[in-house]
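Take a look at the structure below.
Everything numeric here is computed off the predicted structure, so don't read it as measured data. Order of the sequence lines fixes the chain letters, A, B, ..., with proteins taken first and strands second; residue numbering starts at 1 for each chain.
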Protein chains: 2
Amino acid sequence: MTEWSSLVRIWNMPRADSTRNRSLVIEAAAAELAECGLEVSIARIAARAGVAKGTVFNHFASKEDLIAAIFCEHFATLTATGKALLAHSSPREALHEFITAGAELQAGDRSFCAATATARDHPMVRQASDHLADIAEQLTARAREAGAIRPDITGRDIILLLGAPAGIATPVADIRPDLWRRYLNLILDALGPEAARPLNVAAPTSQDFTAASKTGKAGAT
Amino acid sequence: MTEWSSLVRIWNMPRADSTRNRSLVIEAAAAELAECGLEVSIARIAARAGVAKGTVFNHFASKEDLIAAIFCEHFATLTATGKALLAHSSPREALHEFITAGAELQAGDRSFCAATATARDHPMVRQASDHLADIAEQLTARAREAGAIRPDITGRDIILLLGAPAGIATPVADIRPDLWRRYLNLILDALGPEAARPLNVAAPTSQDFTAASKTGKAGAT
DNA sequence: ACCTGAACACCGTTCAAGT
DNA sequence: ACCTGAACACCGTTCAAGT
């Protein structure tokens, strides 16, 4: 009986070409999205991966799902970076390096800015985002306790701020690919305790992030 | 002879329904873009304006051109606001109010963030943007001379920063429509002279903006 | 001179037919 | 179980026919 179920397990296992195709598609899509932005066609991604258009939809229910999957990978990478930085001796430098890593990730990816809005209501993305927010909160708390940053900044703030340097520099990103570092510098300065006037609006909460998905986009009746 | 040319002038004048349709389309498009973002269909815009789909393309060569035209109007409004603020007695408050007006404009418009990238290489938009940059530079210079801001910030910096508060708050904008003010506060703090470490990357130049259009998007050969 | 809606090309998505 | 490419719906854009 148990032998049977293990045989069934083997039968149910994904085929070798399936898993291979899946990662080929993810790899191709990540590269195309980074180079061309969100508007790349599925046909192009499929061609780069060397599979038929239909195969993409065999692995991902929609283009949004595919984008969300890639998003999750990026978030996971950043989460690992943040986790490692928790061991850094300087809380201030740990936070700064975390933000720098996040900003750099987005500066090198043409799709990232726009994709934030697209992907926010995917459960997978939110889970990855929550995990990232945990790490960000820990890094922020350490820096706060060390007096390295203004006291009113939270981990969720940091998450939202990661995209800012690349977003600000976007209009001239082609001609000045390093300009995002200027605004990263500015934002890191803004986080310091020196210039702080009390922030006039409450920090975003975890609920703000989870509830955002329930609200549909505005549209006609 | 001159009588003739004036008659020709009359014959060449746009028809009354044409100019009316043009503004109907612009009005409808501006509203739909603000509510729904860049992905609204031309069909919807045409329906809201009460004209046929083809009429839209009769007035604007492409969807991008239509978006660019609306962009220019927004820029012009902001330029007027900035010009008025040059008469403000406090250079610091004048600059702050200018930035606030720009940030508010973008916070209320779902298309603005993404449209920045779309519209940057339209000649009309660049002209409007240059005009806006002039005013921003004057406001910035006044604030700089008054010691109200760090010395390394330029007018072009201010232009790029206008979109930051709305951009940062985008992921939770539906649930927290006022959150952009929190990051506006943060950025205004960052502009103060107190926290300034010298910026590590040179400011964007006028050439950076004009040259950006010549670079094509990355694509396959 | 401008409006109109049918026609076209392109892209995301589906699905019946293969293996 | 998965791959494939033909088929479908939708949207930006064009254009011949109207007024």
[atom1] of [X] versus [atom2] of [N]: gap in Å, rounded?
X     : N      : atom1 : atom2 : result
A:F57 : C:dT14 : CZ    : C1'   : 9 Å
B:R20 : C:dC3  : CZ    : P     : 12 Å
B:L66 : D:dC11 : CG    : C1'   : 15 Å
B:F60 : D:dG12 : CZ    : P     : 15 Å
A:K63 : C:dC10 : NZ    : C1'   : 12 Å
A:L24 : D:dC3  : CG    : C1'   : 13 Å
A:L38 : C:dC11 : CG    : P     : 15 Å
B:R44 : D:dG12 : CZ    : P     : 12 Å

Legend entry - Under-4.0 Å side-chain N/O to phosphate OP1/OP2 contact, B:S18 with C:dA1: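 No, no such contact exists.
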Inset, instruction - Look at the side-chain N and O atoms of A:H59 and state whether any lies under 4.0 Å from the OP1 or OP2 oxygen of D:dC2. - result: no
Legend entry - 4.5 Å side-chain heavy-atom contact, A:S111 and A:E32: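 Counting from C-beta outward, A:S111 and A:E32 never come under 4.5 Å.
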Residues forming a salt bridge (charged side-chain N to carboxylate O under 4.0 Å, His left out) with [X], sequence neighbours excluded:
X      : answer
B:D157 : A:R182
B:E97  : none
B:D178 : B:R176
B:D130 : B:R156

Legend entry - Per-nucleotide pairing state of DNA chain D [Watson-Crick or G-U, under 3.5 Å; [ ] pseudoknot-crossing; | other strand]: ||.|||||...|||||.||
Inset, instruction - Output all residues satisfying side chain to side chain donor-acceptor pair (under 3.5 Å) with A:N21, sequence neighbours left out; order by chain, then residue number. - result: none
Legend entry - side chain to side chain donor-acceptor pair (under 3.5 Å) partners for A:T140, two or more places apart: none
Distance-only donor-acceptor pairs under 3.5 Å for side chains of residues 66-82 of chain A, two or more places apart:
{"residue": "A:T77", "atom": "OG1", "partner": "A:E73", "partner atom": "O", "Å": "2.9"}
{"residue": "A:T79", "atom": "OG1", "partner": "A:F75", "partner atom": "O", "Å": "2.8"}
{"residue": "A:T81", "atom": "OG1", "partner": "A:T77", "partner atom": "O", "Å": "3.1"}

Inset, instruction - In sequence, state the C-alpha distance, the side-chain angles, and the governing distance for A:E39 and A:R44, and then conclude on salt bridge (Lys or Arg N to Asp or Glu O under 4.0 Å). - result: CA-CA 11 Å; A:E39 67 279 7; A:R44 246 185 96 136; over 6 Å; no
Legend entry - Residues forming a side-chain contact (heavy atoms from CB on, under 4.5 Å) with A:N58, sequence neighbours excluded: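 With sequence neighbours excluded, A:N58 shows a side-chain contact (heavy atoms from CB on, under 4.5 Å) to no residue whatsoever.
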Legend entry - Counterpart residues, side-chain contact (heavy atoms from CB on, under 4.5 Å), relative to B:L160 (two or more places apart):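 If we apply the side-chain contact (heavy atoms from CB on, under 4.5 Å) test to B:L160, skipping adjacent residues, the hits are A:I168, A:P171, A:V172, A:L179, A:Y183, B:P204, B:F209.
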Interface polar pairs with nucleotides 4-8 of chain D, N/O, under 3.5 angstrom:
{"residue": "D:dT4", "atom": "OP2", "partner": "A:A52", "partner atom": "N", "Å": "3.1"}
{"residue": "D:dT4", "atom": "OP2", "partner": "A:T55", "partner atom": "OG1", "Å": "2.9"}

Pairwise N/O distances under 3.5 Å, protein to nucleotides 16-19 of chain D:
none

Inset, instruction - Could you tell me whether A:V56 contacts a base, only the sugar-phosphate backbone, or nothing, with contacts defined as non-hydrogen atoms closer than 4.0 Å? - result: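 Since no nucleic acid heavy atom lies under 4.0 Å of A:V56, the category is nothing.
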